Amino acid sequence: MRVWPVLLILLLQFVEPSHGQTKSQQNNTGFQCSGRSYPCQAYAFYRAQSQFLDLASIGDLFQVSRLMIANPSNISSNSVSSPLILNQQLFIPLTCSCNSINTTFGSISYANISYTIKPNDTFYLVSTNKFENLTTYPSVEVVNPNLVATNLQIGDNAIFPVFCKCPDKNTTVSNTRANYMISYVVQPSDNLSSIASRFGSQQKAITDVNGNKFNVYDTIFVPVTKLPVLSQPNTSTAAAPSPTPAGSSDDRAGTVRGLAIGLGIAGLLLMVVCAVWMYRESVLKGRMWAGRDEEEQRQKEGRVFSGGGDGKGSKPMDVKLMANVSDCLDKYRVFGIEELVEATDAFSDSCLIQGSVYKGTIDGETYAIKKMKWNAYEELKILQKVNHGNLVKLEGFCIDSEEGNCYLVYEYVENGSLNWWLHEEEGKNKEKLNWKTRVRIGIDIANGLQYIHEHTRPRVVHKDIKSSNILLDSNMRAKIANFGLAKSGMNAITMHIVGTQGYIAPEYLADGVVSTKMDVFSFGVVLLELISGREAIDEEGNLLWMSAMKTFEGVSSDQEKGRRVREWMDKAILRDTISMDSLLGVLGIAIACLHKEPSKRPSIVDVVYALCKSDDAGFETSEDGIGSPKVTAR
Ligand SMILES: *[C@@H]1O[C@H](CO)[C@@H](O)[C@H](O)[C@H]1NC(C)=O
Ligand SMILES: *[C@@H]1O[C@H](CO)[C@@H](O)[C@H](O)[C@H]1NC(C)=O
Ligand SMILES: *[C@@H]1O[C@H](CO)[C@@H](O)[C@H](O)[C@H]1NC(C)=O
Ligand SMILES: *[C@@H]1O[C@H](CO)[C@@H](O)[C@H](O)[C@H]1NC(C)=O
Ligand SMILES: *[C@@H]1O[C@H](CO)[C@@H](O)[C@H](O)[C@H]1NC(C)=O
Ligand SMILES: *[C@@H]1O[C@H](CO)[C@@H](O)[C@H](O)[C@H]1NC(C)=O
Ligand SMILES: *[C@@H]1O[C@H](CO)[C@@H](O)[C@H](O)[C@H]1NC(C)=O
Ligand SMILES: *[C@@H]1O[C@H](CO)[C@@H](O)[C@H](O)[C@H]1NC(C)=O
Ligand SMILES: *[C@@H]1O[C@H](CO)[C@@H](O)[C@H](O)[C@H]1NC(C)=O
């Protein structure tokens, strides 16, 4: 829905071709400076563009954090991971210094931004596109004497000198000393008065610094006494979820009660511990709230569009995928088809893991390789947006245009699927999972779901949560796999019912309603599998969740519940001493997740809290070596 305005704007841009502007500042090698007032804090005015539609990617470009952009730009800190809109105005903080080039050339003032050369980059293209003319290619050449502009190699590190200037004693705005200079690139629609009023400066102050004459796409410096407040578009109302489950709406309160857990003081304490733990994890993971990857998606949509709009896309799908590949070059490895053929013994059955997923070793690393038709696009789109320790990581991909196949290459998760651990006969020497591990697995899955439900924009619904899509790594930590059916966007209605019998939520089966609550339902079924060791659907076609409902519905006394649970549960769990409270707690959560009415089911956030609470194993997890799930920053 947010995509449409973007496409429209793109469309307008294509309809109205930019007519050749005057050559302007193209021979500008930089702005001379003398060191007295340097270095200083400066800001660049930057507009979000189709290849950078989120703070993370812009922050990466300018080597600042998202918050460092959000604060001066009047973007509230809880929307730092929301996507930006095209041309959204931002202030990028710069450290402006006076850098001496050599004795004959003198010194020029700029912010030292290093940049790694990517395919098809030239100094000209990067300065005019990515840096939006905040620097010029002659200046880039000057500050990178060791690089040959005509012979750039991918991976070269170049400095892009983003122009800036420090105010001195004489720089005033209405007789008040200026505190900052804003680097601003003159736009075709600008005139002096519009620029002055945009930044709350003064025409005279601007001409004092920049002279009287400047051309379109010149960088000028606008002196200001304080940074103006940018007006930001309404961010989506679905802002970050409230971090406490203390529900405001009746519905929410109901579900919390439905979890059958009195939130006493002890509960609150545990919640705090839980929140702190999750926070710590998120800090450890650095970029957990992957904002950045949304840009990729948008970028692609832009490209996809332009591919079609050019009228030269004879094979639109092809163009689209190729565009994806180049967009992802820096983040994902692009494998050659020969590599995959060699790794998997030409996709022989001996390498088959399951379905169309093969195991292969490339350069000593083991991967899971999934063979698909072109429809990998959806999964790729979603996987690009997600990066979390409890989701199987995409490492790279391969396009085989001759065969029309696409291969997604994932991290190989050593211990196979939860389904195998719980239900399958083969490999009898495997140990039965203990209760602590099972609860841990439940929490891992819930954490992964929480991430896709709450921290991606638009939200992602997995649609096929089941024990065979849960993989266990060498530490028996769970990762959600197989985003092949996943959908981004919410509350859609679909006529095409997909999913797996035994896990499908009733409202989806009946009406095709897609919402995050359908994942919550399926998650409830997985919890039942963990407790009971039974399959989601048995040989006679009886559904596990139905049988659980029959067994436990309407039983209010804990004693009776305990008796029934002991009968119903996986006896393997009883080898360990387990607390009945923990068992009943998890069962209560599972039952709440299975509520027929989607709105009565807890949200995954509530589930994570409740599960953490019933995890009597506590949170000493990092000591016993199965610490927080590993995330490699991309
Ligand atoms: C830079 O461009 C201006 C006008 O476009 C021209 O007058 C000047 O000679 C050029 N300077 C150099 C060094 O090429
Ligand atoms: C942004 O600026 C507007 C006024 O233009 C103000 O009402 C709003 O509170 C500001 N937002 C933030 C996050 O500072
Ligand atoms: C710019 O930064 C890079 C690393 O960030 C550093 O190696 C280089 O010396 C800096 N250059 C200048 C002129 O400050
Ligand atoms: C930068 O300047 C060039 C002309 O010098 C212009 O074609 C281009 O559109 C400008 N880039 C941006 C982002 O405004
Ligand atoms: C100084 O730097 C400029 C710009 O890079 C270059 O053209 C010039 O040859 C250099 N002079 C010396 C003496 O190195
Ligand atoms: C500032 O102004 C004074 C006089 O008004 C002048 O002597 C001085 O050179 C100016 N300094 C700069 C850096 O322009
Ligand atoms: C400057 O541009 C604004 C709108 O952008 C316009 O209203 C104003 O008349 C222009 N002023 C001059 C002197 O052209
Ligand atoms: C922002 O959004 C809210 C609700 O979505 C709306 O009531 C309000 O008028 C909007 N404000 C602006 C400035 O668009
Ligand atoms: C580089 O540019 C060429 C020609 O414009 C294009 O065909 C190719 O796809 C581009 N490569 C990448 C990786 O963008």
Side-chain angles (χ1 to χ4, degrees), residues 6 9-10 12-33 44-53 57-58 61-62 84-90 92 98-110 112-113 115 121-150 158-163 182-204 206-207 212-220 222 228 231 295 299 302 306:
V6 175
I9 292 164
L10 278 172
L12 290 178
Q13 281 190 345
F14 280 106
V15 167
E16 188 186 20
S18 55
H19 5 82
Q21 291 292 342
T22 48
K23 274 267 183 286
S24 76
Q25 207 178 11
Q26 286 196 5
N27 61 8
N28 182 356
T29 52
F31 294 84
Q32 296 286 327
C33 58
F45 182 83
Y46 190 82
R47 292 178 173 83
Q49 50 165 301
S50 55
Q51 47 178 335
F52 300 115
L53 278 178
S57 58
I58 297 174
L61 181 66
F62 286 95
L84 305 173
I85 62 164
L86 207 57
N87 287 325
Q88 188 165 342
Q89 316 175 31
L90 302 168
I92 317 277
C98 191
N99 306 279
S100 114
I101 303 298
N102 60 33
T103 43
T104 45
F105 191 87
S107 301
I108 55 178
S109 62
Y110 61 82
N112 179 3
I113 307 290
Y115 176 89
D121 276 350
T122 65
F123 286 164
Y124 177 80
L125 286 175
V126 176
S127 9
T128 56
N129 295 338
K130 292 191 173 165
F131 287 100
E132 299 183 351
N133 294 317
L134 285 162
T135 185
T136 59
Y137 75 89
S139 187
V140 181
E141 283 177 9
V142 166
V143 303
N144 294 286
N146 52 338
L147 292 179
V148 181
T150 51
I159 293 173
F160 276 76
V162 170
F163 295 149
I182 298 168
S183 306
Y184 177 75
V185 176
V186 179
Q187 301 297 304
S189 58
D190 283 332
N191 58 40
L192 194 53
S193 70
S194 70
I195 296 173
S197 71
R198 176 195 285 266
F199 295 110
S201 188
Q202 229 193 349
Q203 297 188 29
K204 177 169 180 307
I206 297 175
T207 50
N212 285 326
K213 232 179 100 50
F214 35 78
N215 297 312
V216 169
Y217 299 131
D218 279 2
T219 301
I220 62 166
V222 181
S231 68
E295 164 255 315
Q299 181 175 11
S306 70

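Quick caveat, the model's predicted, so the values are computed rather than measured. Every number for a ligand or one of its atoms is a count from 1 in the order of the listing.
- Shown in contact with Glu132 at under 4.0 Å from a heavy atom are these atoms of ligand 4, numbered in order with element: 13 (C).
- Under a 3.5 Å cut-off, the side chain of Ser109 and the backbone N or O of Cys33 do not form any donor-acceptor pair.
- Taking both residues in full, the closest heavy atoms of Asn133 and Val185 are given as O-CG2, 3.5 Å, listed atom of the first, atom of the second, then distance.
- Looking only at distances, a side-chain donor or acceptor of Asn191 sits under 3.5 Å from a matching main-chain atom of Ser193.
- At distances below 3.5 Å, not a single donor-acceptor pair connects side-chain atoms of Ser57 with backbone N or O atoms of Phe52.
- Atoms of ligand 5 found under 4.0 Å from any heavy atom of Asn102 (numbered from 1 in listed order, with element): 1 (C), 2 (O), 3 (C), 8 (C), 10 (C), 11 (N), 12 (C), 14 (O).
- The N/O atoms of Asn129, backbone and side chain alike, include none that comes under 3.5 Å of an N/O atom in ligand 4.
- With rounding to the nearest 0.5 Å, the separation of OH in Tyr124 from OH in Tyr137 is 8.0 Å.
- In this structure, the ring pair (Phe, Tyr, Trp, His ring centres under 6.0 Å) partners of Phe62, at least two apart in sequence or on a different chain, are Tyr46, Phe131.
- The main-chain N or O of Asn146 is never found under 3.5 Å from a side-chain atom of Asn144 such that the two would form a donor-acceptor pair.
- Listed for the Glu132 side chain is a donor-acceptor partner under 3.5 Å among the backbone atoms of Arg47.
- Near Thr104, meaning under 4.0 Å from one of its heavy atoms, ligand 5 places the atoms 1 (C), 11 (N), 12 (C), 13 (C).
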Any protein N/O atoms within less than 3.5 Å of an N/O atom in ligand 7? List the atom names and distances, or say none.
residue  : atom   : partner : partner atom : Å
ligand 7 : 2 (O)  : Asn191  : ND2          : 2.4
ligand 7 : 11 (N) : Asn191  : ND2          : 2.8
ligand 7 : 14 (O) : Asn191  : ND2          : 3.1

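- Below 3.5 Å of separation, one finds no N or O of Glu141 facing any N or O of ligand 5.
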